[in-house]
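Some notes on the structure that comes next.
We name chains A, B, ... by the order of the sequence lines, and we start the count at 1 in each one. As the structure is a prediction and not an experimental result, all values here were calculated from the model. Atom set for the values below is all heavy atoms of this structure, side chains included, hydrogens, waters and symmetry mates excluded.
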Number of protein chains: 2
Amino acid sequence: MARTAGSDGQRTEAAIRDAAVNLIARHGYEAVTMRQLAAEVGVQAAALYRYFPTKEDLLYDLMIAHMEALIASWESARPIRGGCSARLMAFVANHIRFHVERRHSTHVNNMELRSLSHERLSAILKLRNRYEKELRTILREGAEDGSFLIEDSAMTAMAIIQMITGVIVWFRPDERLSVDEVTETYLAMTMRLVGAARHSEKTHVLERA
Amino acid sequence: MARTAGSDGQRTEAAIRDAAVNLIARHGYEAVTMRQLAAEVGVQAAALYRYFPTKEDLLYDLMIAHMEALIASWESARPIRGGCSARLMAFVANHIRFHVERRHSTHVNNMELRSLSHERLSAILKLRNRYEKELRTILREGAEDGSFLIEDSAMTAMAIIQMITGVIVWFRPDERLSVDEVTETYLAMTMRLVGAARHSEKTHVLERA
DNA sequence: TCATTAATAAAACAAGCGTTCATTTAATTC
DNA sequence: GAATTAAATGAACGCTTGTTTTATTAATGA
């Protein structure tokens with residue numbers, strides 16, 4: 001056999017991406033074989049090479065897509081006006097929502113950096129830095145205008161990011177806890193962590209979610 | 001050739017563990033080959049099998065050792081007396097110190113769980129749960145006696161653990177920042193995060209470090 | 001209808017994988 | 001000094017890996 005009836009390149013490529021994210025998140029990039037991936041898609045291994053020149057190209061593609069989606073997500077969620085507290089809450093809420101929705105993709109991006117070549121690693125880290133800079137800026141400006149009481153904005157940014165990304169490690173939706181409830185608690189913890197003055201605007205962030 | 005002059009089983013085994021932790025932390029368990037590991041030790045691949053029946057046995061050994069060392073470390077650092085704030089600070093300080101000292105080992109334990117068999121994974125998670133329970137207990141008791149103001153002690157425990165373990169992701173010793181300085185800041189962030197009443201005993205924890 | 005292009009199968013490739021085996025040498029014991 | 005044990009070698013095994021090549025079929029446009 002060769003080309004199968006009803007086959008469509010775009011659909012196949014999307015199916016490859018999808019299966020790859022799931023398999024790599026579960027077993028790790030090195031552990032997933034091209035044959036295993038092909039079987040999951042329902043295709044022969046050689047067919048994968050029409051869409052991705054190498055296995056690493058596929059990984060890199062997934063990672064770039066994840067980072068660009070993350071940045072785009074924040075750019076559309078970022079509040080036009082509002083104080084530093086409101087901006088911080090918007091950042092945290094958007095970050096948690098995004099990562100819970102893309103648990104597998106996040107795992108790939110966090111665990112498989114070492115499988116990238118030097119230049120590609122740099123490209124991913126550059127995007128990551130661009131994103132994290134948003135949080136650092138919020139924290140620095142909040143510290144300057146007295147909204148927050150923090151020791152070091154760079155360190156605080158790392159602490160917050162690790163804390164809120166960590167949600168995906170233990171949280172599974174469809175349990176007795178909803179994403180909104182978890183977000184609410186993490187928002188409260190974050191605001192205390194940065195020494196924010198009492199905030200009555202707590203629920204504003206989640207209203208549109 | 002065969003047995004080499006001055007060869008010693010105990011030393012070789014220790015060298016294997018050491019090289020394995022470093023290689024696996026850097027490249028990942030699946031990516032590290034037995035030949036690569038053997039070369040790092042300065043021995044032939046077959047020699048590794050005198051000490052570890054399979055590659056997975058080696059990984060499991062490293063992980064169990066890490067978890068047992070972590071638990072032992074807390075058991076000897078845990079304060080005999082003192083309120084919940086003091087206990088929480090001792091926990092955080094010990095956790096950060098331990099993990100910074102064993103960055104590679106920590107990475108292996110956090111990243112390679114998926115390469116273990118079901119039973120072995122359970123064994124590791126059991127130890128991990130035993131350790132995390134210590135923090136949950138401190139938080140729960142602190143919430144009950146009014147030392148802390150938290151929403152959910154289990155959730156707060158996860159948030160804190162992810163935050164303080166995350167230090168190893170960005171922190172490199174021998175820079176402009178010492179472990180003690182980082183610990184000090186993380187202690188302050190943690191105490192605010194749990195809504196602890198003002199604590200004047202801040203430096204007590206680090207005095208013996 | 002017929003050439004063209006897109007999508008896939010099938011088979012092969014060389015390289016590398018974890019692991020085993022028989023053997024050899026160094027250290028230890030009697 | 002001979003016998004025994006500990007430590008390691010070197011070659012091989014069967015299998016799998018990522019990838020390439022070649023051939024074949026389905027969809028597309030003139």
Side-chain angles (χ1 to χ4, degrees), chain A residues 1-63 108 112 114-118 120, chain B residues 1-24 26-63 108 112 114-117 120:
Chain A
M1 257 198 290
R3 178 169 192 173
T4 53
S7 64
D8 171 2
Q10 283 185 276
R11 252 209 306 270
T12 305
E13 180 173 339
I16 293 173
R17 295 187 122 88
D18 228 62
V21 168
N22 277 275
L23 284 177
I24 295 175
R26 271 210 295 278
H27 308 110
Y29 170 75
E30 296 280 356
V32 173
T33 72
M34 297 301 267
R35 286 170 178 83
Q36 188 184 352
L37 173 57
E40 187 82 7
V41 177
V43 101
Q44 287 297 316
L48 304 177
Y49 288 83
R50 270 198 73 77
Y51 305 95
F52 302 97
T54 70
K55 192 185 178 190
E56 198 205 314
D57 279 293
L58 169 55
L59 176 64
Y60 179 64
D61 242 61
L62 298 176
M63 288 182 150
V108 173
E112 311 297 349
R114 57 189 167 200
S115 294
L116 292 178
S117 72
H118 223 72
R120 287 175 162 176
Chain B
M1 256 197 292
R3 178 168 190 171
T4 54
S7 63
D8 172 2
Q10 283 186 277
R11 253 208 306 271
T12 303
E13 181 173 339
I16 294 174
R17 296 187 120 88
D18 228 62
V21 167
N22 278 276
L23 284 176
I24 295 175
R26 270 210 295 280
H27 308 110
Y29 170 76
E30 297 279 357
V32 174
T33 72
M34 296 301 268
R35 286 170 177 83
Q36 188 184 352
L37 173 57
E40 188 83 5
V41 176
V43 97
Q44 288 297 316
L48 303 177
Y49 289 83
R50 274 197 69 80
Y51 305 95
F52 302 95
T54 70
K55 194 186 177 190
E56 198 205 315
D57 279 294
L58 169 55
L59 175 65
Y60 180 65
D61 242 60
L62 298 176
M63 288 183 149
V108 173
E112 310 297 349
R114 57 189 168 200
S115 295
L116 293 177
S117 71
R120 286 175 164 176

What parts of residues 22-34 of chain A reach DNA chain D, counting only heavy atoms under 4.0 Å away? Val32(A), Thr33(A), Met34(A)

Please name all residues satisfying salt bridge (charged side-chain N to carboxylate O under 4.0 Å, His left out) with Asp61(B), sequence neighbours left out, ordered by chain then number. Arg17(B)

By salt bridge (charged side-chain N to carboxylate O under 4.0 Å, His left out), Arg35(B) pairs with (sequence neighbours left out) none

Length of the OH-P vector between Tyr51(A) and dA6(C), whole Å: 11 Å

Please list, pair by pair, any protein nitrogen or oxygen found under 3.5 Å from a nitrogen or oxygen in nucleotides 12-14 of chain D.
residue: dA12(D); atom: N6; partner: Arg35(B); partner atom: NH2; Å: 3.3

dT8(C) phosphate, OP1 or OP2: any side-chain N/O from Tyr49(A) under 4.0 angstrom? no

Going by an N to O cut-off under 4.0 Å, is there a salt bridge joining Asp18(B) and Arg11(B)? no

Ignoring backbone atoms, establish whether Thr54(A) has a side-chain N or O less than 4.0 Å from OP1 or OP2 of dG18(D). no

Rounded to the nearest angstrom, tell me the gap between atom CD in Glu13(B) and atom C1' in dA8(D). 15 Å

Salt bridge (charged side-chain N to carboxylate O under 4.0 Å, His left out) against Glu30(A), all qualifying residues, sequence neighbours excluded: none

Nucleic acid contacts - residues 37-47 of chain B versus DNA chain D, non-hydrogen atoms under 4.0 Å: Val43(B), Gln44(B), Ala46(B), Ala47(B)

Atom CG of Leu58(A) and atom C1' of dT19(D): how far apart are they, to the nearest Å? 14 Å

Establish, with yes or no, whether the OP1 or OP2 oxygen of dA8(D) is under 4.0 angstrom from a side-chain nitrogen or oxygen of Arg50(B). no

Interatomic distance where NZ belongs to Lys55(B) and P belongs to dT20(C) [whole Å]: 15 Å

